[in-house]
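Note sheet for the following structure.
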Amino acid sequence: MHISTTKILDSLSKYGKIEKVHENTYFVEVSADKVREVSEILHWKLGGHFSVTVGSDERPINGYFKVYHVFLMDKQKLSIIVHVKVNPVVPKLPSITPIIPGANWHEREVHDFFGIFFEDHPNLERLILPYDWPKGVYPLRKDVSIRGLRSKLLKNNAESEGKRKAEEEGYIVPIGPYHPALHEPEYFELYVDGEKIVDAKYKGFHVHRGIEKVAEEKLTINQIPFIAERICGICGYTHNVAYCQAVENAAGIEVPLRAKYIRSILLEIERIHSHLLWFGVLFHLLGFDTGFMMTWLIREKIMDLAEVLTGNRKNYGLNLVGGVRRDINSEKIEFSLKTLNYVETKLRSVLDKMLKLKEVISRTKNIGLLNRNEAKKLSVVGPVARASGIDTDVRKHHPYAAYSEVEFKVPVYDEGDVYSRALVRYDEVFESINILKQLLKNIPKGNIMADEVKIPEYRKGLGLTEAPRGENVHLVITGRDNKIYRWRPRAPSYNNIPSTLIMLKGENLADAPAIIASIDPCFSCTDHLVIIDIKRNIKRRIRLKELARRRQC
Amino acid sequence: MLYLVTVFANIVALLAIAPIIDGIERKVKAKLQCRKGPPILQTWYDLIKLFKRPSIVTEEYSIVYIISPYIIFANMLFALALVPSFTRISLSFFGDIIVLTYLITSSSILLAIGSISSGNVFAAIGASRELSLTTLSKLLMALTLAIFAVLKRSLMLETLFPIIPPYTLSAIASIILFAIIAYIESYKLPFDIPEAEPEIIDGILVEYSGKSLGILKYSMYLKRILFFTIIVYLILPREIPMLLTPVLYLISLIALSVTYVCIETYCGRLRIDQALKFTKTLVPILLVVLIIAYFNY
Amino acid sequence: MSIKLFMKSLWVFHLNSGSCNGCDIEVLNVFTPYHDVERLGIKLVASPRHADVIVFTGPITRETLPKAIKAFTAIPEPKAVVAVGSCACGGGIWYDSYAVIGGIEAFYKILREEYKVKIPPTVYVPGCPPKPEAIIYGIAVLRGILRQKQRRTYFTEKEVPELTKDLIINIEKYMESKSRKEIYNGE
Amino acid sequence: MSARLHILKEALRTGVVTKKYPYEPVKVPEGFRGKPSIDVEKCIGCGACVNVCPPNALSAEIDLNKSVKRIILFLGKCIFCGRCQDACPTEAIKLTREFELSTLTTNDLYQVVELKMAKCEICGKPYATIRQVLFTAKSVPKDQRPLLLLCSECRSKVSAKYISYARW
């Protein structure tokens, strides 16, 4: 039942004006009351999937707030952006979360940053801003400048504010005066009954650094790729490429083919190193430290390869809008082919043996289940979706850079447990290695930078890439005098983390780290768990609260 | 008088060797993971540093939390005195097998109670795991010691020791079973659940710091040495000349710890219920061996 | 006394206060076979209670500030701090953001003012992310085995040609007459 | 069981791979992006690198009473991207291959280049470093070179007079 593009477009034209921004990306202007209807059609009927909601304060331009809902239609290789005007005096909009639960966080974020109120949204509380952020200050609005914001806010001391807020709402202040080994400040509160997990709550976003505000106010167009790369320390380059593609699509710049090849080569190198890193973390969490050491030993070769090609082990800093800063000569190509062969032989001999170990299988098989329907509801992306039977891969369905020139297979399993996610990543590593070989063998000649880079103002562009953890969506509105008006990067973990709350229910406490690690949220630190034991500590709950507050040290 | 001096010398030698054996284990483990690994004396350096550091105590500590490390250390010392190590002489008296089991069980229970009383959630989780695991493994240990006693018809460690000469099926089975239980007791990898680092942050030891942590770690190394010595002396024949026993003892000690480490480096950690399931399967086997031993078949 | 204690055995507690994980992986990379720091007596420890040295990564975000303060005070006294990565040393690229305190210096300022806490010896390891070898070099500097190579340099220009109309007009003659070195001489 | 033995065999085959780093120097590939350092001979204090630096680790500071301009490089904020190297007109700032930069105080992470500034002939306000004036003089036609000695306001006033004469 393959619906053709034209059919989709005229079914949408009923709702509002359609504007083609660049090849297979359409903006549909919709009035506020029709938003729910259109989202339902796109997400459920036409087989697309919801990917991100972007708010933007366009009062200086046309006096309105704007909310963009981005839908990606994989089958038809289309991306459709439904955008709605919101009047600035009473910013109100019907929420689409009742239809698409996956949009829950997205709308709360727009509420946090722009103060747009979403009607009958299940829980429209604060999501990202720190808990002691004063009410009514919406950082991403154009009238709030970054300088004033910083000094005004530092006055009230975060510490005392935190405690006072804890009493009001009867929160459980993080128990224990210390801060367990925090590889990454994610923060899962697991409600435990004995060893069984009853419920889980996620209080995250410690890593909110206000990227969009810094990018909008302080950085020029060619400086943003460097901040985009530092959104996530593991798959930073995908954000870099997604941003550059968004601006190139918006401004209609044609990137030379050789630059596209170099970009794809670096993207695949990053995918291999990220997946190997994930295997190491999984083995470490299952207590199998030798596996951790062996996989990272092999991964070190990939980091050295990246260092030779780009000059830095991790943040490659290779992209500018319109092309690439460094070229690859034949000697580097042959060095990379040698490394790839070494890595492939080592991986073939070691990694699948490790996955066949009894304890690894017994602690990952049918644990942390996410069936196909749940995954579709939460619009989960990347290996987590591919392990639950949904076949989405931006490289196949929305080809970018040089992916249309190479053939590769997209592994899909449908058990939906931690083990199948491991298998998906296992196949993807070898897929990436053979993609890299194809890219390196037939890289074309030509210059690496588009000759004339002119970026008109107020143009919209969408950049998509397939990060190791899922699809990256960047929506960009270009601004005046070499600055960006609005830039919204959406990392894949943003859609994947809510799915862990479903996977964790009913599971065993000792498996929680493996489950949370299975969606590989950036660099999963599962040590950071606070376990509130329901049954046994009803009595203790009160004591613990006093305990936590009185305990000084 | 000489008798007491040798026993005292035994204990001092064991105190010196325990961290070195752990250092050797860490070195072998690193070598198996293609790493250079720490120097052999590294565990000693850690302990010395720990003893010099002050230990932070939370406000609501209970007395058990403070004194439990010292009691555990004392238990271990006394247990080591019972067992012949470098020389055959030891403080063995009638019925010291039962004393030995009490010492070991009480030290584990005390460790668990100490960490619960520190009021930290992770310690509580670690302690509950520790208690569930130790009840089973202590039961197994008691059963195996009972088998030895039945085999040798005596409750005295001294007479027990070279258990091999009558090469009966039950004797060999009991030694193998004791080796497995020693593995479980020594918190080696598949069973280091109470201390599971990534899951609940060193569960049991989470609230201890500085000196008390040093003592607890030290007593853990002593416990490993204790089990190793028992295994070694089960096999060591009595006729070896006096001078040779310490050297032979040391070599077999190192050999045993190296084999345990080789097993440990290639095992992942079992979940608490899987570990319990594994230990539960051992109980019937032990009972069968006990019956066979009774008819000293 | 405090640093001499860590010459042979040093237990590290890793605190990621809002880092992008580039530095955290390099900190973990330091324990993998190629750079194996255990040979220098360094062990990654899971709770600040056991730790001697706290490794800071990330430009302390506002959300992690209270937690970072708690962890910082939970480490027994003779402690040291290793600030890994440009974010921890000086706030990195996030310096001006509203949601970020801005590196260790601002953190120490808050600690001094509000908590009256003594500031421990600190090593700054810049790099984005720093190579694992750079982190090992940082710990060697902390321990005093190696002296730090990086020093502050301040260059002031001494003699300067007196700008006159004819000098400007026939600048080429002036350039050839003097070799480049003399024109731009300096301290 | 065989999987474990296989991994053991593989591990023994790779053997110990640890690099003895602090005691043996480590080889760094030639394109490595290490510490940026300003070559004081070549720097003309134009500030092109200051504008292009994403985390503004490079900042410029003009001290009016001493009429001196300082280019300050703070390694604590630098992300080692190399944009300054692309922007510098005289290739003064270059990324070396130096990566061992740990220091015990943030004060050591600074590199400051202080250049004397030229004063405008009419209003006497310092407007650009002397080296920058000499550098730009080369590419300006001979007759307009005296204009370089004036600050931007005086220069626009003076050149406006020129144009009005011409039209007359």
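Labels below follow one simple rule: chain letters A, B, ... track the order of the sequence lines, proteins then strands, and each chain is numbered from 1.
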Any donor-acceptor pair under 3.5 Å linking the side chain of Thr290(A) with the backbone of Gln33(B)? no

Non-hydrogen contacts under 4.5 angstrom with chain B: give the residues of residues 338-354 of chain A involved, or none if there are none. none

If you define the side chain from C-beta out and look only at heavy atoms, does anything of Cys34(B) sit under 4.5 Å from Met294(A)?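 In short, these two side chains touch, coming nearer than 4.5 Å.
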
If you draw a 6.0 Å radius around NZ in Lys358(A), do more than 12 non-hydrogen atoms from other residues or ligands fall strictly inside?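 Not buried by this count: 12 neighbours or fewer within 6.0 Å.
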
